[in-house]
Every structure is written in structure tokens, then in C-alpha cells.
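Here the structure comes first, spelled out in C-alpha cells, and everything after it is commentary.
Just so it is clear, the structure is predicted and the values come from calculations on it, not from any experiment.
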Amino acid sequence: MSFPKQLTLEQYFACPIWFADEPKYVKKLNKASDPYIKQSKKNLKETIDKRNKKFGDKKDMGHVFHSTTLIGDPKFKELQDYIGATAHNLLDEMGFDLTNYQVFTTEMWVQEFAQSGGGHHTLHTHWNGHMSGFYFLKASEATSMPIFEDPRPGNTMNLLPEKDKTKITYASSQINYKAKPGRMIFFPSYMPHQYMVDLGYEPFRFIHWNCQAIPKGVLNVV
């Protein structure tokens, strides 16, 4: 009995993440975001004050200031149009047939983590969507960063220890991306992701979005 000397490797079920650095919009979108963040802080002030009065003054520690929708605001239209077109192209690149679908940016908002630290997002996915992403407005090596987790539950259930966690291998169960102003990331909405706890050393602000491919029949579009 003989065995092949070399096995053929084929890779399937890949999980893509795309990123690019485009800082030229940071200053403009930060300015446009300021009123939204200011309003969010105003909305949460009473809640924060009550907590601090009851348990001790921790300022805004642990909070994430979340805006209302940015969709429809002309200051963000250029970004929104880019997101929708890019999401369409990436889904097409992945191999999906979008002939009978139209891609919309269904959600877009800006958020900022607490100045006193403690801001974070626990692990989650985005339901009822197909492409999500971030655009970082305020970030540095001292701030939080996004962490993506392996979306395959079967693999997660049976993970063995990694030989070297500093290397990205088939054994890796999570990956992180450094955040910096102007960095943009796109990823399928099924990708579980989280934000590590921010320590409040420097401001951390980013725009987040979700896109959905909607059947044209639902839209009465031919």
C-alpha cells in the first residue's frame, strides 16, 4: 500500500474583510459628527448624573455615546453613496448574484467612547444585513480597536490550543485591526465582532453602518 507524498490543499468558506486608509474626509466628518455626539451626551447626562450620585463620581466612565441616524444628512451623503456602491461591488466580488437586488445603506450612525474610559462593545453580529463597516474619525494606538471572531460555531466548539497566537493561522479564532483616523473597514454582517475596552487615554470616535440587499420585487423595481 502506498500513500500520496503530497496532499492537495483547497480552501473554502473564507471570511473576507476589506480595509483602506482614506484620511481626507476625517476633518469634515468629525465636524459634521460633533452635534450628534453633543446631543447624545446631553441625552445621557441625567442617567450618568444619577449613577454617579448613587455610587460615586466616575464621570462618564463606561458609556458609549451613540447618535441618531446619519442617513439623510447631506453632510454624510458622499460617504453614504460610497458605502452603498462599495457594498454592492464587494457582494458581487464575493460571488452573489445581485441582478434582482438593490443594495441600500439601511443604518449609519456615529459613536464616541467615554472620555473617562470603559467604553466597549460586547461580541455581536448585525441581523438582517449583508455588509457592515466602520470609518474611524478619532483613534490611535492608545484607544480601543475592533476584534473579529471566527463565525463558525462548529470550529469554535472544538478549538485546540494555538502554537503561536502572534501568527495568523488556521488555528486563529480572532483577529484585530488597528484603528486610526481615516481607516475604513468593510465586512460581511454575519462576522461576530466586538470592541476591546477603551482606557480613555485619547478620544475614540467612529462611524458604523449596515447595508442590505433588498429584492427589487419588494421595491417594485424592474
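Every residue meeting the salt bridge (Lys or Arg N to Asp or Glu O under 4.0 Å) condition with Lys28, not counting sequence neighbours, appears here in chain and number order: Glu78. Lys59 meets the salt bridge (Lys or Arg N to Asp or Glu O under 4.0 Å) test with no other residue; sequence neighbours excluded. Take Gln194 and apply the side chain to side chain donor-acceptor pair (under 3.5 Å) test, not counting sequence neighbours, and it matches Glu149. With sequence neighbours excluded, no residue forms a salt bridge (Lys or Arg N to Asp or Glu O under 4.0 Å) with Lys58. Legend: residues meeting side chain to side chain donor-acceptor pair (under 3.5 Å) with Lys31, ordered by chain and number and at least two apart, are absent. Looking at residues two or more places apart in sequence or on another chain, you find no salt bridge (Lys or Arg N to Asp or Glu O under 4.0 Å) involving Asp57. Thr47 meets the side chain to side chain donor-acceptor pair (under 3.5 Å) test with no other residue; sequence neighbours excluded. Under the side chain to side chain contact (heavy atoms under 4.5 Å, CB included) criterion, Asp97 pairs with Thr99, not counting sequence neighbours. Annotation: side chain to side chain contact (heavy atoms under 4.5 Å, CB included) contacts of Thr69 (sequence neighbours excluded): Ile71.
Side chain of Ser33 to backbone of Val110: no donor-acceptor contact under 3.5 angstrom is found.
Applying the salt bridge (Lys or Arg N to Asp or Glu O under 4.0 Å) test to pairs two or more places apart or on separate chains, none has a residue in residues 65-75. Sequence neighbours left out, the pairs with a member in residues 47-68 that pass ring pair (Phe, Tyr, Trp, His ring centres under 6.0 Å) are His66-Trp109.
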Would you be so kind as to tabulate the donor-acceptor pairs closer than 3.5 Å made by side chains of residues 198-207, with sequence neighbours excluded?
unit_1	atom_1	unit_2	atom_2	d
Asp198	OD1	Ser144	N	2.8
Asp198	OD2	Gly200	N	3.0
Glu202	OE1	Ser140	OG	2.8
Arg205	NE	Glu112	OE1	2.7
Arg205	NH1	Asn30	O	3.1
Arg205	NH1	Asn30	OD1	3.2
Arg205	NH1	Asp34	OD1	2.8
Arg205	NH2	Asp34	OD1	3.1
Arg205	NH2	Glu112	OE1	2.8

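In this structure, a donor-acceptor pair under 3.5 Å is present between the side chains of Gln39 and Asn43.
A salt bridge links Asp81 to Lys77: one of the charged nitrogens lies within less than 4.0 Å of a carboxylate oxygen.
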